[in-house]
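Accompanying notes for the structure given below.
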Amino acid sequence: KPLKNIHFVNSGIASYSPSLMSIQLDILEKDFGIFPDILISYIDQTDIGDENCRYKHKKIFQNSSLLAVEPESYYSNRSIFNYSKIYSLSQISLSDYSDTVKTFKLINFKIKYKLIRLIKKNKRVKCYYGELEKYLINPQSAQIQYFEKSLNEYLKKIKQKKNIKKVFLVTFPHKKHFEKSYSYNVSSSVDKVSKNNTLVKHINFSKILLNNKEFKYKDIWNRDQIHLDFIN
């Protein structure tokens, strides 16, 4: 019997790793009334760096369950995916304040922004791509374990959602995996964590492609040599 009542929700966003996806599940339910039956979650290679460098010290727990992750402040991180400054300016611009009050708040924000960045300049942790890449080149065992712990927290949250019947975790190698420049692949951790979880199916493109000598991996990348070029 064909299925006729199927709906897709694309809730993906740049730089989401397991911790943020865990919180996103709650947001989909509470704010949008969306209760998915099937989840397809892409685990990127840089997620080990995101979890260790960007989110590790920003997690907020309640009764041992991940409740929130503090936003990256506009002065502590200049990552390409950090939109905190844009969000703050937009919040003021779209508010119901009068033009005079808006102007005052915008000027005050910009002054505060410059001062705090100047004060924190030498103290902030710079989670640029070069820093995140180190976790793939030569990660410490504790860093791998922490990433796997974060992934376990995500799967634990999923298990609590009685509406979710199946989860597909998708992993894909980066170009430098084909070139043997990286010693670590998140696919191995996803395999390990999801091994005995009957709810989860791991679609492991690393296992499919890395040993395929006929696969033309050099022709599939965007100009940054990291993301896939879907045009090809």
Side-chain angles (χ1 to χ4, degrees), residues 11-30 36 38-73 76-77 79-84 125-161 164 166-174 177 182-207 226:
S11 55
I13 190 170
S15 198
Y16 256 29
S17 63
S19 289
L20 297 192
M21 287 192 288
S22 175
I23 297 167
Q24 185 187 44
L25 281 176
D26 294 329
I27 294 174
L28 287 174
E29 290 184 3
K30 296 176 182 178
I38 299 173
L39 282 182
I40 302 175
S41 301
Y42 179 66
I43 310 296
D44 187 65
Q45 297 293 336
T46 56
D47 283 359
I48 183 176
D50 284 341
E51 290 292 342
N52 279 276
C53 186
R54 298 177 66 186
Y55 308 134
K56 185 174 184 178
H57 302 293
K58 297 179 180 296
K59 294 183 180 181
I60 300 172
F61 290 88
Q62 186 178 68
N63 299 325
S64 300
S65 179
L66 183 61
L67 179 66
V69 175
E70 294 179 358
E72 296 177 287
S73 65
S76 66
N77 191 314
S79 165
I80 189 171
F81 295 121
N82 184 4
Y83 299 114
S84 299
V125 177
K126 301 177 181 178
C127 297
Y128 301 142
Y129 184 77
E131 182 66 27
L132 302 181
E133 193 178 33
K134 293 178 182 178
Y135 295 90
L136 297 170
I137 296 173
N138 187 27
Q140 300 175 11
S141 58
Q143 295 167 341
I144 295 175
Q145 290 171 9
Y146 184 76
F147 169 70
E148 292 173 353
K149 178 183 177 183
S150 298
L151 182 56
N152 261 316
E153 290 172 353
Y154 176 48
L155 296 180
K156 183 179 178 181
K157 174 66 69 66
I158 290 174
K159 192 174 181 180
Q160 295 171 352
K161 309 293 184 182
I164 298 176
K166 195 66 180 179
V167 181
F168 294 92
L169 298 181
V170 183
T171 58
F172 195 94
H174 278 194
H177 285 106
Y182 291 158
S183 64
Y184 172 72
N185 190 318
V186 298
S187 298
S188 58
S189 288
V190 175
D191 255 351
K192 177 182 176 182
V193 172
S194 63
K195 185 177 180 180
N196 297 316
N197 193 327
T198 57
L199 185 67
V200 178
K201 172 66 176 179
H202 179 200
I203 302 176
N204 188 346
F205 281 101
S206 291
K207 186 178 293 184
I226 300 170

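Quick note: residue numbers are just sequence positions, from 1.
Partners of Lys156 by salt bridge (Lys or Arg N to Asp or Glu O under 4.0 Å), not counting sequence neighbours: none found. Ser194 meets the side-chain hydrogen bond (donor to acceptor under 3.5 Å, both in side chains) test with no other residue; sequence neighbours excluded.
Summarising the local packing, CD of Gln140 is surrounded by 12 or fewer heavy atoms from other residues, nucleotides or ligands at distances under 6.0 Å. In Tyr129, the OH atom is crowded: over 12 heavy atoms of neighbouring residues, nucleotides or ligands sit closer than 6.0 Å. Enclosure of atom NZ in Lys166 by more than 12 non-hydrogen atoms of other residues, nucleotides or ligands within 6.0 angstrom is indicated. Within 6.0 Å of NZ on Lys59 lie more than 12 heavy atoms contributed by other residues, nucleotides or ligands.
Proximity of Glu131 to Cys53: side-chain heavy atoms (C-beta onward) are separated by under 4.5 Å at one or more points. Inter-residue side-chain proximity for Val186 and Asp44 is flagged as unmet; no heavy-atom pair is nearer than 4.5 Å. By the 4.5 Å heavy-atom criterion applied to side chains, Ile40 and Val170 are counted as neighbours. Looking at heavy atoms from C-beta onward, Leu25 lies in side-chain contact with Tyr154 at the 4.5 angstrom threshold. Using a 4.5 Å heavy-atom cutoff, the side chains of Glu51 and Ser19 are in contact.
The closest donor-acceptor contact from the side chain of Asn52 to the backbone of Gln143 lies under 3.5 Å. Remark: side-chain polar atoms of Ser206 are not paired, donor with acceptor, to backbone N or O of Phe172 under 3.5 angstrom.
Taking the six-membered ring where tryptophan is involved, the planes of His174 and Tyr182 are tilted, since the angle between them lies from 30° to 60°.
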Could you go step by step and tell me if Lys157 and Lys161 meet the side-chain contact (heavy atoms from CB on, under 4.5 Å) rule?
-> CA-CA 7 Å; Lys157 174 66 69 66; Lys161 309 293 184 182; 3.8 Å; yes
Give the intermediate values and the outcome of side-chain contact (heavy atoms from CB on, under 4.5 Å) for residues Phe147 and Val193.
-> CA-CA 10 Å; Phe147 169 70; Val193 172; over 6 Å; no
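Between atom CG of residue Leu151 and atom NZ of residue Lys192 there is a gap of 11.0 Å, rounded to the nearest 0.5 Å. For the atom pair OH of Tyr135 and CG of Asp50, the computed distance is 9.5 Å after rounding to the nearest 0.5 Å. Residue Asn204 holds its CG atom at 12.0 Å from CD1 of Ile43, rounded to the nearest 0.5 Å.
The closest side-chain donor-acceptor pair between Tyr184 and Gln45, if any, does not fall under 3.5 angstrom. Counted by atom type alone, Ser150 and Tyr55 present zero donor-acceptor pairs between their side chains at under 3.5 Å. A donor-acceptor pair shorter than 3.5 Å cannot be found between the side chains of Ser65 and Asn63.
Ion pairing of Lys30 with Asp26 is absent here, as no side-chain N (NZ or NE/NH1/NH2) approaches a carboxylate O to less than 4.0 Å.
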